[in-house]
Colleague: 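First the structure, which I've put down as C-alpha cells, then a few questions once you've had a look.
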Amino acid sequence: MTLVDAMASLTDPALARLAPAELFDELLDRSVTALAADSAAFVLRDGDSFVVRAEAGVGAVPVDAELLHRVTSHGEPVIAGDATGGGSFAGCPVLVDGEMRGLVFARAARKHHFSADDVRLLRRVADRLAGGVERASYDEAERAAQDALAESEHRVRTLVEAAPLGIVEFDAQARIERWNRAAATLLDWPRWLVGVAPRAQLPKDALGAVNAAIGGNKTDGVRVTIERPGTRAVELSLSAAPVTDRNGDVDGALLLLDDVTERELLEQHIRQAQRLEAMARLAGGVAH
C-alpha cells in the first residue's frame with residue numbers, strides 16, 4: 001500500500017459515522033494494513049495504568065514497558081526495537097485537549113520495520129482515536145445526564161402521585177393532560193381512562209380558576225362542593241397557578257385540590273357552639 005493510499009484509508013470520512021467502539025476496531029484493522037504491521041493495539045489510560053481498548057492483527061501486542069515509558073514521558077511518537085530483539089515497535093500518544101488519554105502501538109516481526117512515514121500514519125491514527133475518545137466521553141456524559149433526568153422525572157412523578165393533594169395538569173387550551181391518584185379519588189375519576197379527560201366532571205369554579213391561571217393569574221382558596229350520589233358531599237379548596245415553559249411563557253395550568261370536608265365540619269361545629277354560647281349568654285343576661 002502506498003503512503004497516499006494508507007493516508008486515505010486512515011482519513012476516510014466514513015469512519016466518522018461509526019460508534020466509538022466500532023471506530024477503534026476499524027482503525028486498528030486499517031492501521032495493521034497501512035503500516036504493514038503484524039499487530040496493533042489501542043490502550044486507554046486509567047489513572048496510572050493502561051487498559052487495552054482494541055486490538056488487531058496476528059496475536060496481541062505485548063506492550064513493552066520501556067516503550068510505554070518513553071511515549072508517556074515525552075508525549076511524542078517513538079520507534080524502538082522489540083524487547084526480545086526480534087522485531088520493531090512503534091508507539092504514539094493519544095492526546096485529547098493536550099492530555100494523554102491513551103496510546104496506540106504497532107508491532108512488526110522484522111527489525112527496523114517502521115519509518116518516518118509510518119510515524120506520520122500513526123499520528124493520524126492517534127488523532128482519529130482521540131476523536132473517538134472524545135465522542136465516547138461525550139456519549140457517556142450524555143447518557144449519565146439522561147439517566148439523571150429520567151431519575152429526576154421518576155422521583156417527581158412518584159412525589160406527585162403520592163401527594164395528599166389532588167393535582168390536575170392542563171395544557172394551554174385548558175385541556176386536561178394528567179392527574180394524580182388523590183385527584184382521581186376526590187373527583188371520582190377512573191384511573192384507567194386514557195386519552196379522555198373528564199373535564200365535564202370539574203366544578204365550574206375550578207374551570208374558571210384554570211382559565212385564569214392560563215391567563216397568567218393565580219387563584220387561591222376557592223371553596224367548591226362535589227356532590228356524590230349515595231354519599232355525603234365533599235368540600236374542596238381549589239388553587240390554580242400558571243405553568244410556564246423555559247422561556248417564561250404560560251403553556252398550561254396546575255390545579256390543586258385540598259379536601260377540607262372534615263375541616264368544614266369542624267368549623268361548622270365551632271360556629272354552632274359559638275352561636276349556642278352567645279344565645280346562652282344572652283338568655284342569662286335577660287334573666288338578670
Side-chain angles (χ1 to χ4, degrees), residues 1 3 5-141 143:
M1 178 179 288
L3 177 62
D5 291 338
M7 188 65 74
S9 174
L10 298 175
T11 57
D12 184 358
L15 292 172
R17 295 193 290 270
L18 298 177
E22 297 173 329
L23 173 66
F24 299 153
D25 290 337
E26 182 65 22
L27 272 174
L28 266 291
D29 284 336
R30 295 191 183 196
S31 297
V32 169
T33 301
L35 298 169
D38 293 299
S39 55
F42 168 44
V43 296
L44 275 174
R45 192 167 196 169
D46 184 12
D48 294 330
S49 61
F50 290 87
V51 179
V52 176
R53 187 64 181 80
E55 295 177 287
V58 180
V61 177
V63 180
D64 183 83
E66 181 181 352
L67 177 64
L68 184 67
H69 176 72
R70 289 172 62 183
V71 175
T72 55
S73 297
H74 301 288
E76 293 291 337
V78 171
I79 297 176
D82 192 331
T84 63
S88 304
F89 264 111
C92 184
V94 175
L95 304 176
V96 177
D97 294 331
E99 178 186 356
M100 185 181 297
R101 297 288 298 278
L103 299 95
V104 58
F105 293 96
R107 180 182 180 276
R110 297 166 298 282
K111 289 184 178 181
H112 311 298
H113 176 80
F114 298 109
S115 65
D117 286 339
D118 292 325
V119 169
R120 290 175 56 195
L121 293 174
L122 204 57
R123 279 185 182 273
R124 186 52 55 93
V125 173
D127 289 342
R128 299 303 297 268
L129 289 171
V133 171
E134 283 189 295
R135 285 176 53 200
S137 297
Y138 174 81
D139 291 347
E140 183 178 352
R143 283 193 298 270

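Values below: all heavy atoms of this structure, side chains included; hydrogens, waters and symmetry mates excluded. Residue numbers run from 1 in the order of the sequence given.
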Colleague: Looking at P77 and V119, what are the two nearest heavy atoms and their distance?
Modeller: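 So the minimum-distance heavy-atom pair works out to CB-CG1, 3.6 Å.
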Colleague: So, taking the atom named NE2 in H113 and the one named CD1 in I79, what distance separates them when rounded to the nearest 0.5 Å?
Modeller: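 Between atom NE2 of H113 and atom CD1 of I79 there are 10.0 Å.
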Colleague: Would you mind writing out the side-chain donor-acceptor pairs for residues 120-137 within the sub-3.5 Å range, not counting sequence neighbours?
Modeller:
| unit_1 | atom_1 | unit_2 | atom_2 | d |
| --- | --- | --- | --- | --- |
| R123 | NH2 | E76 | OE1 | 2.9 |
| R128 | NH1 | L10 | O | 3.0 |
| R135 | NH1 | A16 | O | 3.3 |
| R135 | NH1 | L18 | O | 2.8 |
| R135 | NH2 | L18 | O | 2.5 |
| S137 | OG | R101 | NH2 | 3.4 |
| S137 | OG | V133 | O | 3.0 |

Colleague: Donor-acceptor pair, S31 side chain versus L27 backbone, under 3.5 Å?
Modeller: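 The answer is yes, because a donor-acceptor pair under 3.5 Å joins these two groups.
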Colleague: Can a donor-acceptor pair be found, under 3.5 Å and without considering hydrogens, that links the side chain of R53 to the backbone of L44?
Modeller: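 Side chain of R53 to backbone of L44, a donor-acceptor pair under 3.5 Å: no, none is there.
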Colleague: Looking at side-chain heavy atoms only, is the closest gap between D139 and P20 below 4.5 Å?
Modeller: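 When only atoms from C-beta onward are counted, P20 and D139 do touch, with a gap below 4.5 Å.
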Colleague: Under the ring pair (Phe, Tyr, Trp, His ring centres under 6.0 Å) definition, can you give me all pairs with a residue in residues 7-32, not counting sequence neighbours?
Modeller: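 Every pair satisfying ring pair (Phe, Tyr, Trp, His ring centres under 6.0 Å) with a residue in residues 7-32: F24-F42.
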Colleague: Spell out, as yes or no, whether a donor-acceptor pair under 3.5 Å connects the side chain of D97 to the backbone of E99.
Modeller: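 A pair under 3.5 Å: no.
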Colleague: In Å, rounded to the nearest 0.5 Å, how long is the span from CZ of F114 to CZ of R107?
Modeller: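 Interatomic distance, F114 CZ to R107 CZ, rounded to 0.5 Å: 9.0 Å.
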Colleague: Using the test salt bridge (Lys or Arg N to Asp or Glu O under 4.0 Å), find all partners of D29 that sit at least two apart in sequence or belong to another chain.
Modeller: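 Partners of D29 under the salt bridge (Lys or Arg N to Asp or Glu O under 4.0 Å) test: none.
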Colleague: Working to the nearest 0.5 Å, report the span between CD of E22 and CG of L15.
Modeller: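 Going from CD on E22 over to CG on L15, the span is 11.0 Å.
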